[in-house]
Each structure stands twice: as C-alpha cells, then as structure tokens.
Amino acid sequence: MLQPARTKYRKQQKGRNTGVATRGAKVSFGEYGLKAVGRGRLTARQIEAARRALSRHIKRGGRIWIRVFPDKPVSHKPAEVRMGNGKGNPEYLVAEIQPGKIIYEMDGVDAAVAKQAFALAAAKLPIRTVLVHRMLG
C-alpha cells in the first residue's frame with residue numbers, strides 16, 4: 001500500500017475538501033484516464049484494490065500510472081472512550097479527491113480493454129468516475 005516515507009507531523013486536522021481539481025486534471029502520461037466526477041476520500045487500501053483490478057485485467061499488456069497519493073492521516077478514537085483525552089491515533093491514510101482529478105492512467109492497450117479495466121477499477125472506488133481519452137495538442 002502507498003504511504004509517505006516520513007511526515008513532519010503524525011496527525012492532521014480534518015480540513016474541508018472544496019473546489020475542483022486544476023492540477024492533475026489532464027491525462028498526462030498515458031492514453032486513457034479514470035477521472036473523478038465526485039468528491040471524496042480514497043483510502044490507501046481502495047487505491048491499491050483498484051490498481052490490482054486494473055493490472056489483473058490488462059495482463060502485462062500495457063502500463064499504469066497512479067496519479068493520486070494518500071498523504072493525509074485519519075485518526076479514530078477507540079470504541080467506548082469518553083470525550084476529551086485528546087485526539088485518537090492515526091488509523092489509515094487518505095487522498096483527498098476533488099471533481100476533475102485523474103486517478104489512474106493507462107497506455108499500451110486498446111480502447112475496449114481500457115474501458116473494461118477502468119470499469120472494474122471504478123467498482124472498487126467510492127466516488128463516481130468517467131473514462132477520458134487523451135486530447136492531442
């Protein structure tokens with residue numbers, strides 16, 4: 001699973017996931033991309049599960065790029081713990097996703113294979129996505 005090698009601080013505040021993606025909103029590396037239409041968070045496990053679905057479907061036929069990285073820790077307090085007593089421990093990592101963000105890219109496969117592979121990957125993700133094709137020029 002993806003995770004940062006080091007971070008300056010163990011815990012982060014929640015923040016608000018607003019706006020639309022301007023960076024990482026174009027297909028840059030491959031021919032096809034999986035673009036987020038909705039807004040939300042992808043956990044490191046979800047990113048990995050979708051990546052496995054993609055790579056199993058294309059079977060060494062093409063190349064895959066992961067364009068998101070889970071660098072935000074999410075903390076949880078244990079069950080039945082009273083209020084106060086500080087913030088809980090970091091449990092997992094998430095990538096904040098805005099509408100328009102390219103999540104995966106693929107190259108070296110034909111359109112039908114890419115469409116099927118991205119459909120399998122999208123089923124593993126909690127946000128709505130669409131398949132996009134690289135614009136020439």
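Numbering of residues begins at 1 and proceeds along the displayed sequence. Any value given below was found using the heavy atoms of this structure, including those in side chains, with hydrogens, waters and symmetry copies removed. Keep in mind it's a predicted model, so treat the numbers as computed, not measured.
The two atoms that bring P126 and R41 nearest to each other are CG-O, 3.8 Å, heavy atoms only. Nearest approach of G24 to R67, heavy atoms of both residues: CA-NH2, 3.5 Å. The minimum heavy-atom distance between G30 and R134, with the atom names listed, is O-NH1, 3.1 Å. Here the shortest heavy-atom pairing between Y32 and A114 reads CD1-CB, 3.6 Å. A122 approaches T129 most closely through the heavy-atom pair CB-OG1, 3.4 Å.
Cluster annotation: V37 and I127 are assigned to distinct hydrophobic clusters (Ile/Leu/Val/Met/Phe/Trp/Tyr, side-chain heavy-atom contacts under 4.5 Å, transitive). Residue V132 is not grouped with residue I103 when hydrophobic side chains (ILVMFWY) are merged at heavy-atom distances under 4.5 angstrom, including chains of intermediate members. Using a 4.5 Å cut-off between side-chain heavy atoms of Ile, Leu, Val, Met, Phe, Trp and Tyr, with links allowed through other members, V68 and Y92 fall into different hydrophobic clusters. Linking Ile, Leu, Val, Met, Phe, Trp and Tyr whenever their side-chain heavy atoms come within less than 4.5 Å puts F69 and I64 in one cluster. In this structure, L131 is not a member of the same hydrophobic cluster as V27, with clusters built from ILVMFWY side-chain heavy atoms closer than 4.5 Å.
A 4.5 Å side-chain heavy-atom check between E31 and M106 finds every atom pair outside the cut-off. Within the 4.5 Å cutoff, the side chain of K35 has no heavy atoms near those of the K101 side chain. Between K11 and P73, the closest side-chain pair of non-hydrogen atoms is not below 4.5 Å. Side chains of P70 and T43 form no contact here, defined as non-hydrogen atoms less than 4.5 Å apart. With contacts defined as side-chain heavy-atom distances shorter than 4.5 Å, the pair F118/Y104 qualifies.
Atoms CG and CG, on L42 and L93 in that order, are 12.5 Å from each other to the nearest 0.5 Å.
Of the possible polar contacts, none joining the Q116 side chain to the V113 backbone as a donor-acceptor pair under 3.5 Å is found. Side-chain atoms of E48 do not come within 3.5 Å of backbone N or O of L2 as any donor-acceptor pair.
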N/O donor-acceptor pairs under 3.5 Å from side chains in residues 13-21, not counting sequence neighbours:
{"from": "N17", "atom 1": "OD1", "to": "Q98", "atom 2": "NE2", "distance (Å)": "3.1"}
{"from": "N17", "atom 1": "ND2", "to": "G40", "atom 2": "O", "distance (Å)": "3.3"}
{"from": "N17", "atom 1": "ND2", "to": "E96", "atom 2": "OE1", "distance (Å)": "3.0"}
{"from": "N17", "atom 1": "ND2", "to": "I97", "atom 2": "O", "distance (Å)": "3.2"}

Can I get a per-line list of side-chain donor-acceptor pairs under 3.5 Å for residues 54-63, giving both atom names and the distance, sequence neighbours left out?
{"from": "S55", "atom 1": "OG", "to": "R51", "atom 2": "O", "distance (Å)": "3.0"}
{"from": "S55", "atom 1": "OG", "to": "R52", "atom 2": "O", "distance (Å)": "3.3"}

Could you walk me through whether I47 and I66 pass side-chain contact (heavy atoms from CB on, under 4.5 Å), step by step? CA-CA 8 Å; I47 295 168; I66 304 172; 3.9 Å; yes
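Sequence neighbours left out, the pairs with a member in residues 74-91 that pass side-chain hydrogen bond (donor to acceptor under 3.5 Å, both in side chains) are R10-N89.
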